[in-house]
Amino acid sequence: MDISELVRTRTRHPEAIAEAAARRVRRPLLNEAGRLMIVAADHPARGALGVGDRKFAMANRAELLERLCLALSRPGVDGVLATADILDDLLLLGALDGKVVMGSMNRGGLQGASFELDDRFTGHRAQDIERLNFDAGKLLLRIDYDDPGSLTTLESTARAIDDMAARRLPLFVEPFISRRTDEGKLKNDLSAEAVIKSIAISSGLGGTSAYTWLKLPVTENPDDMAQVMETSTLPAVLLGGEVGDSIEEQDGAYEKWRGALQLPTVRGLVVGRSLLYPADGDVAAAVDTAVGLL
C-alpha cells in the first residue's frame, strides 16, 4: 500500500477520483444466486475507531485499506460500504471494478456526543451517489423515544428515501430502538419487541418503499428472528455489529447469521469490523467463512 502515491495523486490530480468513478466497471446489485455480501467500513467518520479492546484499531488508514482490498479480492465478496474518503482511496487503487459500491449517507451522530441521535446527513447525498455511478446508499436510524433528535433523523431519513427512489437507487436503512444508560451511553435494544418496532417504523418512511432495503441485527435470542422478519416484506441484509474479541464469540456470531440467512426476506450480509479485524487476525479466512454462510 503506497500511501505516498495516493497523496501525490490527491494533491496533483484530484480529478482522478471522478475519472476513476466514471470508468469503473459496474455490476448488478445481487449476484447470480440472488445474494449479497458487503464489507462495511464507514465507522471512522463517526469517530468509532475501536474494535473490541483496541481503541484505535481503525485509525491506521493504510492498514484499513490493505484489509479492505484483501477482503474485496476474496471470491464471493460483492462489494463495500464506506464514506467518501475511503471510497475515493479505493477508486484510486482500482479496487472497485465489478463491485457493488454503497455510499454511507448520515455520519453526523458522532459516537458519544450529546447530539448523537440528531444524526445529520453529512456523508453522501443521493446526487453524489448518482454522479459517481455508485450502486446504493446506506443510512443509520436510531430511535430513542426520550430524545427529540430522533425526530430530526426520522424526517431526514424519509427525505433521503424519497431522493434515492427518485433516482431508482437502492437505500439500505439500518434501524434500531435505542436508549441511554444511566451513565449516558447509547445502547441499541436487540430484543425481539424492539427490532419489530424498528422494522415497522422504518418500513413506512418516505413516499415509496420500492427501493428501500433493511439492514438488521440478529436479535438477542436468534430463535426470535423468524417472528421478527414477518414484520415487513422489504428485502433485508444482516449486519455484523460487535461480536467480541475471542474466536469462540466470532464462531457464535457465524452460527447466528447462518440461521437467520435461511429466512425468506434475508438476502445477505453487511459485515465490517468482525471481518476486517477478526480475533485471530486472518482477514481472508474470516471473509471466506462469512461468504460460505450464503
At what distance, to the nearest 0.5 angstrom, does [atom1] of [X] lie from [atom2] of [Y]?
X	Y	atom1	atom2	result
Asn60	Leu49	CG	CG	11.0 Å
Asn133	Arg23	CG	CZ	12.5 Å
Met102	Leu169	CE	CG	11.5 Å
Leu6	Thr11	CG	OG1	10.5 Å
Trp213	Arg267	CH2	CZ	7.0 Å
Ile161	Ser156	CD1	OG	11.0 Å

Test side-chain contact (heavy atoms from CB on, under 4.5 Å) applied to Asp163 and Met105, step by step: CA-CA 12 Å; Asp163 288 345; Met105 301 180 75; over 6 Å; no
Under 3.5 Å: donor-acceptor pair, side chain of [X], backbone of [Y]:
X	Y	answer
Arg74	Ala285	no
Glu116	Gly112	yes
Asp78	Ile38	no
Arg67	Leu276	yes
Ser150	Asp144	yes
Arg24	Lys99	yes

Ile199, Leu140, Leu139 screened by side chain to side chain contact (heavy atoms under 4.5 Å, CB included) with Val173, the one that passes: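 Of all the options given, the one that passes is Leu139.
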Residue of the set Leu141, Leu190, Asp189 for which side chain to side chain contact (heavy atoms under 4.5 Å, CB included) holds with Phe176: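 The residue from Leu141, Leu190, Asp189 that satisfies side chain to side chain contact (heavy atoms under 4.5 Å, CB included) with Phe176 turns out to be Leu190.
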Examine [X] and [Y] and state if one hydrophobic cluster contains both, with Ile, Leu, Val, Met, Phe, Trp and Tyr joined whenever side-chain heavy atoms are less than 4.5 Å apart.
X	Y	answer
Leu234	Tyr211	no
Leu132	Val25	no
Val80	Leu91	yes
Val51	Leu110	no
Leu293	Leu72	yes

Taking atom [atom1] of [X] as the centre, report whether more than 12 heavy atoms of other residues, nucleotides or ligands fall under 6.0 Å from it.
X	atom1	result
Glu19	CD	yes
Glu5	CD	yes
Arg61	CZ	yes

Residue pair Phe115 / Thr152, side-chain heavy-atom distance below 4.5 Å: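 The answer is no; the side chains never approach within 4.5 Å.
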Side chains of Pro217 and Lys256 in contact at under 4.5 Å (non-hydrogen atoms):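 No, every pair of side-chain atoms sits at 4.5 Å or beyond.
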Would you mind checking if [Y] and [X] are paired as a salt bridge, meaning a charged N to carboxylate O distance below 4.0 Å?
X	Y	value
Asp147	Arg142	no
Asp119	Arg46	yes
Asp135	Arg27	no

Test side-chain contact (heavy atoms from CB on, under 4.5 Å) applied to Ser203 and Thr212, step by step: CA-CA 8 Å; Ser203 296; Thr212 305; over 6 Å; no
Check: Asn221/Thr219 side-chain N/O donor and acceptor closer than 3.5 Å: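 Their side chains do not contain a donor-acceptor pair, so the 3.5 Å distance test is not met.
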Short side-chain donor-acceptor distance under 3.5 Å, Asp42 and Thr83: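 Per modelled atom types, Thr83 and Asp42 side chains form no pair under 3.5 Å.
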Chi angles and distances behind the side-chain contact (heavy atoms from CB on, under 4.5 Å) call for Lys197, Ile143: CA-CA 10 Å; Lys197 283 185 178 180; Ile143 303 164; over 6 Å; no
Contact summary for Val266 and Arg35, nearest pair of heavy atoms: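 Looking at all heavy atoms of both residues, the shortest contact is O-NH1, 2.8 Å.
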Test log, rule side-chain contact (heavy atoms from CB on, under 4.5 Å), inputs Arg167 and Gln127: CA-CA 8 Å; Arg167 294 167 169 82; Gln127 57 262 46; 3.7 Å; yes
Audit row: Glu183, Thr181, side-chain hydrogen bond (donor to acceptor under 3.5 Å, both in side chains) steps and yes/no: CA-CA 5 Å; Glu183 294 76 31; Thr181 66; 3.3 Å; yes
